[in-house]
Amino acid sequence: MQLAQNTTEQAAPAFDPMTLILLAAFAFLIFMMFRGRKKAKKQQEELQSELRPGAEVMTQFGLYGKVVSIDTEENKVVIELSPGSTATVHSQAVARVVPTAVPADDDAAEAPSVAAPVAEPTATTGPAGDAAREETPEETLRRLDGDDRTKE
């Protein structure tokens, strides 16, 4: 009988730190989920506020174009990809509005632009080491495949 009384007294500890840690971690995960949803919703609302006809946009699948019209009832956006070529996409397929670069003043427009140096094409060297001529794609494939026969 004493054995039964001892097990009931030991089974219910007053404070379990592992339960407290588990609850704190669970509360943190829930907080982070709501925070992420709130951020995404704010970002989507910001995008929708910038979206208007004439705006330059990029879709999620990489197409750039100008917005022609917006149908808010059916969530459709008509984008002009090139003059005379349009595409109708879902409004959530628009990833971002591309900012247009406008020079601040006349001094910025007159400033020379610094372009990256363009490497000049060099001739490929043959087996003898001489730079005789440019290699055609077929010759390059033959050389890389190890086929030493030359076209005659």
Side-chain angles (χ1 to χ4, degrees), residues 11-127 129-151:
F15 178 72
D16 187 15
M18 195 62 176
T19 305
L20 184 65
I21 291 171
L22 187 63
L23 289 174
F26 187 65
F28 178 73
L29 288 174
I30 290 174
F31 170 74
M32 293 304 285
M33 284 183 358
F34 284 121
R35 183 172 176 245
R37 285 185 187 170
K38 189 175 180 181
K39 267 184 155 180
K41 185 176 180 181
K42 181 181 176 186
Q43 198 173 31
Q44 187 67 26
E45 287 174 359
E46 184 179 306
L47 176 67
Q48 292 298 327
S49 68
E50 293 177 0
L51 197 61
R52 63 185 180 287
E56 184 83 19
V57 296
M58 182 187 85
T59 62
Q60 290 180 350
F61 39 92
L63 290 177
Y64 285 87
K66 288 192 178 194
V67 176
V68 176
S69 66
I70 302 170
D71 184 4
T72 56
E73 292 176 6
E74 295 186 22
N75 291 329
K76 291 182 180 180
V77 178
V78 178
I79 300 172
E80 183 177 36
L81 304 172
S82 63
S85 173
T86 61
T88 303
V89 297
H90 194 275
S91 62
Q92 290 181 349
V94 177
R96 66 183 173 105
V97 176
V98 179
T100 56
V102 179
D105 54 357
D106 293 335
D107 294 336
E110 294 175 8
S113 63
V114 179
V118 177
E120 294 183 21
T122 58
T124 58
T125 58
D130 58 329
R133 60 183 172 83
E134 289 289 324
E135 217 175 36
T136 65
E138 291 82 14
E139 292 171 337
T140 304
L141 287 173
R142 263 189 248 111
R143 182 175 51 87
L144 292 175
D145 287 339
D147 191 7
D148 290 337
R149 292 178 289 171
T150 58
K151 193 174 185 180

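Everything numeric here is computed off the predicted structure, so don't read it as measured data. Atoms considered below: every heavy atom in the structure, side chains included; atoms not considered: hydrogens, waters and symmetry mates.
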Inset, instruction - Could you tell me whether M33 atom CE has more than 12 heavy atoms of other residues or ligands within 6.0 Å of it? - result: yes
Legend entry - Shortest non-hydrogen contact between V98 and V57, atoms and distance: CG2-C, 4.0 Å
Legend entry - Residues in salt bridge (Lys or Arg N to Asp or Glu O under 4.0 Å) contact with K66, at least two apart in sequence or another chain: none
Inset, instruction - Report the distance from atom CD of Q92 to atom OG1 of T59, rounding to the nearest 0.5 Å. - result: 14.0 Å
Inset, instruction - Starting at CZ of R96, measure out to CD of Q43 and round the result to the nearest 0.5 Å. - result: 12.0 Å
Inset, instruction - Quick one: list whatever passes side chain to side chain contact (heavy atoms under 4.5 Å, CB included) with E46, sequence neighbours left out. - result: E50
Legend entry - Check: F26 and I30 side chains under 4.5 Å, non-hydrogen atoms: yes
Inset, instruction - Please assess T140 against E135 for the test side chain to side chain donor-acceptor pair (under 3.5 Å), listing each intermediate value before the final yes or no. - result: CA-CA 6 Å; T140 304; E135 217 175 36; 2.8 Å; yes
Legend entry - Within 6.0 angstrom of Q44 CD, more than 12 heavy atoms from elsewhere: yes
Inset, instruction - Work out which heavy atom in L47 is nearest to a heavy atom in A95; give both atom names and the distance. - result: CD2-O, 3.9 Å
Inset, instruction - Quick one: pull up CD in E73 and CG in D71 and give me the separation to the nearest 0.5 Å. - result: 6.0 Å
Inset, instruction - Look up atom CD1 in I70 and atom OG in S91, then write down how far apart they are to the nearest 0.5 Å. - result: 9.0 Å
